[in-house]
Chemist: 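Encoded as structure tokens, here's the structure I'll be asking about.
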Amino acid sequence: YGGVFMDNALLVLSAAHHNSTADGHRFFKTGDPFYPCRQVDEKYKDMCYFNAIQQYLMESPPIQAGNSQDKVDGGFALCREAPEKNRPRCFEGLGVFWGYSVGWNIKTMRESCLRGESFDEQKSCVIGAASRYRRMGREEFLRFCNNLPKELAAPCIESRENLYLF
């Protein structure tokens, strides 16, 4: 089902590219970035909330000089609106999909994940980002993890054994 949920984000991106909207698509509702997450069976909710943050990142105003951290803060705020048990996956999604927006710059990703209000939010964002750095190779993965505060570096490095995101 991950591809189905990813389609919403791609629909928004395509609509923006063509100067139109995604309104009317049966799996999309303007103003409800978590649609259809609240309606799907429980077993699909984690994957839906993980992908929903993509839709927010693409649909909200584009990144411009000076507003990128506002966008990250908005992503964290949005994930806090998800049901508590699905929030970690939403924050992981933020870590994954925000990286595309900033070109996987390690310093920017570090600063972005540290904007989470709690250790758990930061940790989930870091684990999401780490899943992508891992795909870039061992050195890049370790460079990212070792650039974090000690309390986040350990779970980042440990995540390499449990990265199930992709």
Side-chain angles (χ1 to χ4, degrees), residues 1-105 108-133 135 152 155 159 162-166:
Y1 270 92
V4 171
F5 302 128
M6 193 180 298
D7 273 351
N8 273 356
L10 296 177
L11 184 66
V12 170
L13 184 62
S14 176
H17 180 71
H18 296 292
N19 250 352
S20 65
T21 70
D23 287 339
H25 187 275
R26 68 185 193 143
F27 296 116
F28 180 83
K29 283 190 180 177
T30 298
D32 185 0
F34 289 136
Y35 184 82
C37 300
R38 293 177 180 96
Q39 289 79 21
V40 298
D41 288 343
E42 195 63 38
K43 63 184 175 182
Y44 304 119
K45 287 186 186 288
D46 269 351
M47 183 58 72
C48 190
Y49 284 103
F50 175 86
N51 280 287
I53 196 66
Q54 242 188 129
Q55 181 177 327
Y56 160 78
L57 292 172
M58 290 183 198
E59 187 178 34
S60 61
I63 299 169
Q64 298 169 350
N67 81 339
S68 65
Q69 294 309 324
D70 291 344
K71 199 159 188 160
V72 169
D73 293 343
F76 275 111
L78 181 63
C79 286
R80 287 183 206 107
E81 295 177 21
E84 191 171 345
K85 65 182 172 182
N86 304 112
R87 286 179 197 162
R89 292 290 283 159
C90 188
F91 294 126
E92 287 172 12
L94 179 61
V96 169
F97 300 116
W98 181 244
Y100 291 111
S101 300
V102 298
W104 294 104
N105 178 289
T108 303
M109 282 307 299
R110 175 190 189 278
E111 292 169 0
S112 297
C113 286
L114 290 177
R115 294 182 74 84
E117 291 181 355
S118 70
F119 174 78
D120 288 338
E121 289 179 11
Q122 294 172 3
K123 178 181 164 188
S124 292
C125 179
V126 161
I127 288 172
S131 72
R132 287 314 222 188
Y133 284 109
R135 296 181 81 186
L152 287 169
S159 74
N162 301 323
L163 289 175
Y164 54 88
L165 300 178
F166 289 102

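Numbers here are sequence positions counted from 1.
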Chemist: Ring-plane angle category for Phe76 and Phe91, please: parallel below 30°, perpendicular beyond 60°, tilted otherwise.
Modeler: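 Correct class here is tilted.
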Chemist: Return yes if some donor-acceptor pair links the side-chain N/O of Lys45 with the main-chain N/O of Val40 below 3.5 Å, else return no.
Modeler: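 Yes; at least one donor-acceptor contact below 3.5 Å.
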Chemist: With a 6.0 Å cut-off (strictly less than), is the heavy-atom count around CD of Gln39, excluding the residue itself, greater than 12?
Modeler: yes
Chemist: Could Arg89 and Tyr49 be counted as a cation-pi pair, given that NZ or CZ must be under 6.0 Å from the ring centre and within 45° of the axis?
Modeler: no
Chemist: So, Lys71 side chain and Leu57 main chain: donor-acceptor pair closer than 3.5 Å or not?
Modeler: yes
Chemist: Could you pull out the closest heavy-atom pair between Leu94 and Ile53, with the gap in Å?
Modeler: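 Smallest heavy-atom distance, with atoms named: N-CG2, 3.4 Å.
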Chemist: Would Gln69 and Ser112 satisfy side chain to side chain contact (heavy atoms under 4.5 Å, CB included), going step by step from the backbone distance to the final call?
Modeler: CA-CA 7 Å; Gln69 294 309 324; Ser112 297; 3.7 Å; yes
Chemist: Looking at CG of Leu114 and CE of Met109, how far apart are the two atoms once the value is rounded to the nearest 0.5 Å?
Modeler: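 The CE atom of Met109 is 10.5 Å from CG of Leu114, to the nearest 0.5 Å.
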Chemist: What's the shortest heavy-atom distance between Gln55 and Asp32, and which atoms?
Modeler: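 Closest approach of Gln55 to Asp32, heavy atoms only: NE2-O, 4.1 Å.
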Chemist: Check this for me: does any side-chain nitrogen of one of Asp46 and Lys85 sit under 4.0 Å from a carboxylate oxygen of the other?
Modeler: no
Chemist: Using a 3.5 Å distance criterion without hydrogens, assess whether the side chain of Asn51 forms a donor-acceptor pair with backbone atoms of Met47.
Modeler: yes
Chemist: For the residue pair Cys90 and Phe34, what are the closest heavy atoms and their distance?
Modeler: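 Shortest heavy-atom separation between Cys90 and Phe34 comes out as SG-CE2, 4.2 Å.
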Chemist: Got a salt bridge between Glu121 and Arg80, using NZ or NE/NH1/NH2 to carboxylate O under 4.0 Å?
Modeler: yes
Chemist: Identify the heavy atoms of Ala52 and Pro33 that sit nearest to each other, and give their distance.
Modeler: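 Closest heavy-atom pair between Ala52 and Pro33: CB-O, 3.4 Å.
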